[in-house]
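Because only heavy atoms are used, hydrogens play no part in the values below, and waters and symmetry mates are left out as well, while side chains stay in. Sequence lines set the chain letters: A, B, ... in the order given, protein chains first and strands last, and positions in each chain run from 1.
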Amino acid sequence: MRSVLASGAVALIAYALLYASPYGLRVLTVAGVYALAATGFQLVFGLAGALSLAHGAFFGVGAYATGILGSQLGWSFPATFPVSLALPVLLALLVGLPVLRLESHYFALATLGIAQVVLLLAVNTPDLTGGANGLAGVPGIAAFGATLPRGLPLAAAVWAIVALGGLLAWRLARGRWGRALTLLRDDPLAAAALGLDVGRLRLQAFALSALYAGAAGALAVHTQRVVSPEVLEFPVMVSILTIAVVGGRGRVAGAVLGALLLIHLPEWFRFLERSYLILYGGALLAAIVLAPHGLTGLLERLLPPKPRPPPAPLPLPAPAVADGPVLRVEGLAKAFGGVRAVDGVSFTLQSSRITGLIGPNGSGKTTVINLLSGLERPDAGRVDLLGRDLSGARADRIARAGIARTFQSAGLPEDSTVLEAVAAARLERDASIATAEAHALSVLARLGVADRARERCGTLPAGLRRRVELARALARQPRVLLLDEPAAGLTDAEKAELSGHLRAIAADGVAVLVVEHDMGFLLPLADRVLALDQGRVLYDGAPAGVPHDPAVVEAYLGAPA
Amino acid sequence: MRRFAFPILLSLLAAGAAHAQPVNVPVLVPLTGFLSLEGTSQRNGALLALKQAPAGLTVAADVVDTGTSPEAAVTALERAAGKPVTAVVASMLGTQMLAMLPLAKDYGLPLVTVSGTASITEQGNPWVFRFFPGDAVTKAAHARYVVEDLGRKRPAVIYQTTAYGQGGKAQLMEQFQKLGATPVFEEGVDTSAKDLLPVITKALAANPDVLVLHLHSAPTALFIRQAAAHGVGVPIVAGSAMHQPSTAALLEPAELKGVCAETAASPVSGGSPEVEAFTAAYRGAFNAEPDAFALAQYDGVRMVLDAAAKGARTAEQVRDALAKGTHKGLAMTYASDGKGNMAHSAVIVCYDGKTRVPALVKRYDSLTGAVK
């Protein structure tokens, strides 16, 4: 695949140097502008999974910054270009804080609203922007007294910036930051539970994408030599989105391939006058149907990359642990509307002990885990981890403090390999992907699934998925491990194996809390059991006492027939 | 099929012609997007003129859709410049023209357009020639008809929030000020507005004695329909979009009763045997009604062809002929004011409520004063 892309790049350079007419070079230049914009969009949309419809607005803000400063104040490229980068980033940071909290479609609508506001401002402030006519007389790329002529020099300059931007984005996407964004895209709750600061990552991706869009907008204006509201209109946004999807979501090469194809396609059909739109639409449809993962996905399918050799396992350093209480919970409470899901729950988890948490459906078990792991904020109560108050703290901070969890339905990213999924737990701790994967492999080996490291999570049977999720939580080296129904869907043999692993984990000093309905699995495993009903602690004692406690029997177990 | 046949037809017409070097006039106009109706008129007017080229000329014309983005227009011009070009029929969209101007200057290509945007001839670019009266001309006629002929002094001005709308509105305000009329209401309307009753209601609340519109085609039709439906008695004097047969087709004749509009020309209204012949030929070729844009573009290309017939072969020779010459066209007589503004006349047409074909009621010639 890499050799194909490298050959394509060489062919493109040869075309530009040897064969392209001025018209061909202009189309190539425009394709470069859109490749740069789409590369930025890959960061926020492709990697972080946020459908930002403000990307076109950031493109336009960069364009207007260069247009106004260049045509009205006579600034040259070395001065205008940094401003065109900075303004969209500032705007992104300003609007990102409130809108990035929104869920997917609300986020898309909010960013669309931002784009509309920027467009209206451009149209209705004619003294600054030239209004609907825009501003003419934008200079070309000039520096130190020399102006870059259009044609090959301009195309080369634009593509040099595309290459630099692409290289930076590629390195970021392949590194810890890119992996973290991918995890955040696939499962933001899991990402937070693995110690990743979801809000900060989204904001970084949003701002960095704005930087790329601003750069592309500036180059577009230098190419066109005018700036007008069209640079802020929705077709620009649609073009960038289409390029990202057709090229291959999340891939820098996809942005470049998509831009080259989609900018050239209408030109190839232009002789058909207005009928070209039909062919253009048909070609787009065919591309999406035949290559649902984009052109890069198609290339990977045709030329599958060689699997990387697995890293050498690197055992995690053993943390210093002490016996005694690890987590103290006092008066924990949470209500959803009129329903008191958790109502004054107090308990303590001890190092090297397994505590079972049982109760009927709706009794508050999962809510307790959500409160302890920060996915829900308690209305009242205190959570204290080794003397540190974590009450109401964010999920990522709680995770970094030493609490790990699994979910009721194993939330593993379908397209990731087992190794990638577990290594994700080490992203905020290890210095590199290689180290994270080496650590992850050692945890997988401990749980007996190292041989499945290269398999896709989506292909694993339920039992193995549970074990991989447990490995992911263990890779956090937690002091407290919260497991939500870890035995659900497992065979008896798998349950026995899981029991063995949990005992070994506890023996290493970890305080384990297991929510489980299967009493045959839990009672022999647990050192102590808590029973909840209607959000309150009904029973707190030895497992042996559970079947004989009248309150637990009445509320949960039921009387034997 | 007809549209593909045109370049071939034009070549055949010229088969056996004495001149080896063809007169190449690429047609770069918006055929898709919100200006597709007007762009198609522009295209048709240009192609009809090329079809009726003077004997002995070999003509060629590639038609390229520029959409509505400046980027597409510049790319189309760069593409056209790959061959020897005599002159270019350039988009009527102001933002596209502004983008094409620097490239036209670099290549030395005369741009023949019907764009009304004032600023395209204010860039100091000697390669642009506008065959449609600019806003300064048409809005002078518009305002003078309102004030001098109708005797109205309290206009309500409703305009579009586009380059066309903002430019025209600025000219209207300046002309009204010169004529001593004070607008009592002014509001911009977005092209996507689907209900103009709120703006009609607000305008009437300001107690105007005339409603002055400067809107695109569809909003003009919507405004007039809603005004008619609510029995608005204040006279309406609309912008040039109203004169387009495609706009009138959106309305019943009764809804048009009493409505007037400014325009460069109204070929369907007749006025001379030559204009009637043009209208008949246009209908025959395109099965559509011609408007002022088609006629103005026809006149512009005819001036280029006349120059070529008189020996102008290079783009520079054609530019000189356009810049220094005079051309008696079908709509008016054209001559440059030194900036490339070739058209200095405008007319007022009014509808009688019985037909969609308006009558010419007033003609203004030698209007000057292109104002940025």
Would you say the side-chain atoms of R79(B) pair up with the backbone N or O of E267(A), donor to acceptor, closer than 3.5 Å?
-> yes
With a 4.5 angstrom heavy-atom cut-off, which part of T32(B) approaches chain A: side chain, backbone, both or neither?
-> side chain
Do the side chains of R150(A) and D106(B) get nearer than 4.5 Å, heavy atoms only?
-> yes
d(E78(B) CD, T29(A) OG1) to nearest 0.5 Å is 8.5 Å
Which bit of V123(A) comes within less than 4.5 Å of chain B, counting heavy atoms only: side chain, backbone, both or neither?
-> both
Turns out that what part of S21(A) lies under 4.5 Å from chain B's heavy atoms comes down to neither
Looking only at side chains, do T95(B) and E230(A) share a donor and an acceptor under 3.5 Å apart?
-> yes
Would you please test E71(B) and V33(A) for side-chain contact (heavy atoms from CB on, under 4.5 Å) and show each step?
-> CA-CA 11 Å; E71(B) 181 184 284; V33(A) 166; 5.9 Å; no
Select, from P22(A), A220(A), G130(A), G134(A), the one with the greatest count of heavy-atom pairs under 4.5 Å involving chain B.
-> P22(A)
Specify which of L98(B), L77(B), V64(B) makes the most heavy-atom pairs with chain A at under 4.5 Å.
-> L98(B)
Residues, nucleotides or ligands: over 12 heavy atoms within 6.0 Å of Q177(B) CD | no
Could you tell me which non-hydrogen atom of Q224(A) sits nearest to which non-hydrogen atom of P70(B), and how far apart they are?
-> OE1-CB, 3.7 Å
Indicate the atoms forming the closest heavy-atom contact of S119(B) with N133(A), along with that distance.
-> OG-ND2, 4.0 Å
Applying a strict 4.5 Å limit to non-hydrogen atoms, the region of Q166(B) in contact with chain A is side chain
Check whether any side-chain heavy atom of L103(B) lies under 4.5 Å from a side-chain heavy atom of R26(A), and answer yes or no.
-> yes
